[in-house]
Amino acid sequence: MTVTPLSLDERAIETQLNDFREAFGKMQARLQEVIVGQDAVVRGVLSAVFLQGHVLLEGVPGLGKTLLVSTLGDVLGLLASRVQFTPDLMPADIIGTRVIKQEAAGGIRFEFEKGPVFTQVLLADEINRATPKTQSALLEAMQERRVTVAGVTHPLPEPFIVLATQNPLESEGTYPLPDAQMDRFLFKLLVRFPTQLELVEIMKRTTGVPPSKPRPLVDSPERILVWSRLLRRVPVGTPILDYAARLLLATHPAQKEESGPAKHVRCGASPRGMQAMILAAKLRAVLAGRFSVARDDVKDVAKQCLRHRLLLTFEAEADGVKADEVIEALVQRIN
Amino acid sequence: MSDPSKANSTLYRFLDASRRRMELWNALSAAGIAITAVAVLTCPLVARRASLGLRDSVLAIGITLAAVSVFAVLAMRRGVHLQQVPDRLDTGIDDRDRVATATEFMGDADPFKKLAVHQTERWIDQEQERLSHLKGRRWPYIGMASLLLLVLIWLLTPGLGRSSPRTDKSLASAVPPPSAVTQPSATSNGSQTNTSQSPISTNQRSSANKANVGTRAQGNSGASSGSTNTRTSPAGQSSGTKPGPAANSASGSLGSSASGRGGTVSSTPGSLSSGSSGSVQSSPSKNNGNAGAISASPGGGGGTGSLAQGTGIQPQNPVAHQPGSSGSAAGSGPGAKSRGNANASSGVNASSVALNAGNVGSAPNPGGSASSGDPSNSALKGEKTTPSQAVGTLQEDDTPAQGMQTLVPGGSGHGQAGESNLRIRTGAVPSAPVVAVDAAKARPSNTLKERESTGEIDDSATGARAAASPDIHFDPIEIETSELEALPPRRRQVVIEYFRSMNRHSASASTTQPAEGVSHP
């Protein structure tokens with residue numbers, strides 16, 4: 001598979017972007033053939049793949065998260081693996097460990113046995129059930145895209161994305177993700193419960209003959225990387241960057257007003273949230289057929305990029321205030 | 001704009017056109033700001049320029065220079081850069097972002113940015129109609145309002161070199177123009193009416209009665225402006241029953257300010273009449289006029305011919321007997337009860353009308369009926385009348401003057417005697433043409449030419465009048481302080497200005513010599 005290098009020619013870029021839009025549409029359609037409903041989740045996960053970001057999926061069990069990950073790997077032609085996080089899960093269970101190998105000559109040696117993290121699409125199921133130590137083991141892998149075992153660094157394959165899930169209802173026996181780790185996720189997508197029609201459709205699809213495994217729509221993982229680099233070249237004007245910065249600053253309690261929405265925020269979003277918004281806005285602009293980011297793009301992706309980066313106050317949580325409500329109010333407030 | 005080739009791009013043309021409009025608008029707003037600032041700041045100066053001693057011309061130039069300077073500074077500092085154009089577009093925020101982004105990318109070599117610029121240009125082409133070029137189009141109404149305020153203040157406040165407009169108006173109408181004042185003189189037999197010019201004013205103040213110096217043209221100051229309606233009364237040449245037909249059309253309003261009642265304003269410079277003997281009797285007394293002299297009281301008096309020729313009149317006011325005040329114009333008609341019915345304020349108008357009516361000989365005397373009172377006569381009503389209408393304005397002439405022809409110049413004078421607050425003692429009588437009127441030929445004539453053709457008016461006298469018309473002489477005016485103080489401040493100011501103006505006229509005319517053909521006392 002030969003990857004055509006990106007040309008600086010405008011027409012070439014335009015052609016590549018058109019190809020990407022077309023491919024993205026096909027991939028989304030293919031995923032939605034398997035996953036009933038959850039359009040936003042499917043679109044978000046697919047976007048995260050091309051943006052080289054990680055996704056935190058929050059939803060109750062049984063909503064098709066694992067199916068989504070496996071299907072995504074099939075559609076993209078990527079390696080996919082799943083790790084069920086439990087309280088006794090150790091870091092080595094994720095990243096791998098050194099084991100003794102018997103050589104044919106009779107000697108023994110230590111050999112690194114790769115863990116499930118060495119994949120391209122990792123499903124970290126119920127990640128909040130693992131201990132913080134195990135969670136932090138995933139931290140380096142998510143951020144650095146490499147793991148270090150016994151002083152030896154092992155790069156992860158590209159693309160590498162982590163799709164972590166957590167149950168919003170069960171809090172007993174869980175270890176909430178630390179803020180630093182939460183910040184590593186590009187998006188936090190809420191997997192809503194299906195509607196009645198969707199449930200009926202789910203029953204139809206899953207109680208009959210299992211569907212055949214979908215064929216990959218991407219010829220190679222490098223294609224995904226090429227598109228990913230192409231998306232990062234989408235220019236963003238200074239007014240848009242200013243807006244994103246103002247929106248991010250508005251989430252901080254230092255900027256709050258007496259009656260402002262930020263009064264519910266204990267800790268605002270980090271600069272990674274701003275980066276996430278811009279990256280996601282670029283992808284949205286390309287999908288919309290534009291070559292530069294507009295303000296609406298930032299507004300549209302603000303929730304999925306910021307909701308897991310806001311730490312609400314106790315009063316807000318007691319009052320049932322959601323992070324999405326705060327972000328929505330900020331988006332309406334900031335011009 | 002690092003790429004000059006972009007100068008011809010659609011985006012650049014759009015931005016440049018928008019920038020030009022914005023700069024033009026900025027210039028306009030700068031002008032508005034400059035006018036507003038200067039107007040607001042200079043309003044106190046304008047309002048008090050008289051007291052501050054600022055001349056109008058200097059102040060006007062200063063204000064203009066200040067406004068231009070502020071405008072220039074603002075206009076230079078408010079230039080629009082190309083990058084500032086998107087922020088001022090009158091579009092939605094998303095459209096502004098789009099243009100701003102494209103503007104930022106314009107000239108960049110990055111193909112992605114070029115694509116973005118091209119896309120924006122296509123969008124501009126499509127949305128050309130919708131896009132506006134200015135963010136706001138609020139005209140600087142405040143600038144116009146400020147300028148209007150400044151102009152109003154300028155107009156309504158007196159300046160150093162001039163008085164307020166209302167005062168000017170009063171002056172303009174109250175001061176008799178040189179050619180307008182006629183001092184008629186009538187023969188007792190009525191055969192001839194001599195309207196002699198009397199440029200001189202004989203109203204020297206009498207020590208005996210300072211209050212009554214000269215002719216007291218009661219009522220209307222305006223009358224003084226004196227239209228010189230020299231007219232003969234065919235019937236009344238000797239009858240004297242037609243007191244002052246003439247004239248006075250306008251009983252008028254004296255200056256607004258002096259609305260006056262009670263006062264005897266006589267702006268009339270001259271109580272004096274020309275003529276042989278005539279002393280002017282402007283006093284309201286009824287007796288005037290036995291003698292047939294005419295009184296042309298430029299001073300407004302509604303003068304009926306209170307004047308007797310020669311000694312015909314017994315003026316009640318001793319001061320009125322000024323030597324040389326022949327021919328006399330009585331300020332008020334003999335016994336005309338109606339005189340002075342105009343308040344002082346109407347006097348101004350009266351005078352102005354009198355000016356209009358004041359062509360010598362232009363006003364016919366309709367059968368000499370001018371006499372006692374046609375109540376309907378507009379002159380008594382303070383209405384403006386045409387010269388032809390200004391006849392016979394007096395009413396109730398209790399004591400009709402006999403054998404005289406009234407030539408009542410100037411405004412009717414009706415201002416109810418004694419009703420004006422103002423009292424002027426003027427001794428000067430404006431020069432008036434000598435008009436010789438043959439009684440036999442006396443008839444109403446409408447025009448001067450007609451009257452000349454009929455011999456009604458002596459050509460030489462006309463010429464003399466013309467020659468002498470510029471020679472006006474006013475004596476200084478005195479004002480009674482007590483009466484002046486009784487006036488409201490605004491009126492007082494107007495009266496003071498008026499008298500000052502009169503005095504200036506007197507001073508300027510004091511050196512003039514009487515023209516030929518003008519009779520002197």
Side-chain angles (χ1 to χ4, degrees), chain A residues 4-21 226-247 277-279 281-302 331-335, chain B residues 1-3 5-6 8-12 14-15 18-19 22 80-127 130-136:
Chain A
T4 305
L6 281 179
S7 170
L8 294 180
D9 182 68
E10 301 171 26
R11 189 169 299 278
I13 292 176
E14 191 172 7
T15 302
Q16 292 182 22
L17 290 177
N18 290 334
D19 293 343
F20 170 74
R21 274 194 295 271
V226 169
W227 281 335
S228 178
R229 286 193 292 268
L230 183 66
L231 291 175
R232 286 182 173 262
R233 291 178 59 188
V234 172
V236 184
T238 303
I240 309 303
L241 296 176
D242 290 339
Y243 174 75
R246 281 186 280 115
L247 185 60
M277 282 193 296
I278 294 300
L279 285 175
K282 287 183 176 183
L283 175 61
R284 186 180 183 273
V286 170
L287 293 178
R290 284 182 274 107
F291 298 104
S292 62
V293 177
R295 190 172 301 220
D296 282 343
D297 299 329
V298 178
K299 290 180 180 179
D300 186 68
V301 301
V331 167
Q332 297 294 331
R333 195 180 186 88
I334 305 300
N335 288 320
Chain B
M1 284 301 298
S2 58
D3 188 1
S5 63
K6 285 294 175 184
N8 293 325
S9 67
T10 302
L11 179 61
Y12 181 82
F14 171 77
L15 294 174
S18 299
R19 179 178 61 178
M22 291 172 186
V80 178
H81 297 290
L82 214 58
Q83 303 292 338
Q84 297 173 328
V85 171
D87 293 336
R88 302 188 182 190
L89 291 176
D90 189 16
T91 60
I93 192 167
D94 291 331
D95 294 342
R96 262 184 282 160
D97 285 344
R98 197 167 190 167
V99 177
T101 301
T103 305
E104 180 182 350
F105 297 159
M106 190 167 51
D108 200 305
D110 184 5
F112 237 118
K113 295 181 179 178
K114 288 182 179 179
L115 284 173
V117 172
H118 291 329
Q119 193 174 38
T120 304
E121 289 178 340
R122 288 194 296 270
W123 172 75
I124 289 175
D125 289 337
Q126 294 172 356
E127 304 290 333
R130 187 172 61 87
L131 289 177
S132 301
H133 299 289
L134 295 178
K135 187 174 183 179

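The model shown is predicted, which means the values in this text are computed figures rather than measured ones.
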Checklist entry - With respect to chain A, which residue among T101(B), D97(B), T120(B) yields the maximal number of heavy-atom pairs within a distance under 4.5 Å? => result D97(B)
Checklist entry - Does a side-chain heavy-atom distance below 4.5 Å link E14(A) with P111(B)? => result no
Checklist entry - In terms of heavy-atom proximity below 4.5 Å to chain B, should V236(A) be classed as side chain, backbone, both, or neither? => result backbone
Checklist entry - For chain B, which residues of residues 295-302 of chain A have at least one non-hydrogen atom nearer than 4.5 Å to it? => result R295(A), D296(A)
Item to check | Closest approach of F105(B) to G237(A) (non-hydrogen atoms, all atoms of both residues) | outcome: CZ-N, 3.8 Å
Next on the checklist: Are the side chains of F112(B) and L17(A) in contact, using a 4.5 Å heavy-atom criterion?
Outcome noted: yes
Item to check | Heavy-atom closest pair, residues P239(A) and E104(B) | outcome: CD-OE1, 3.9 Å
Checklist entry - Rounded to the nearest 0.5 Å, what separation is found between the CZ atom of F291(A) and the NZ atom of K114(B)? => result 14.0 Å
Item to check | Closest contact, heavy atoms only, Q119(B) versus G289(A) | outcome: NE2-O, 2.7 Å
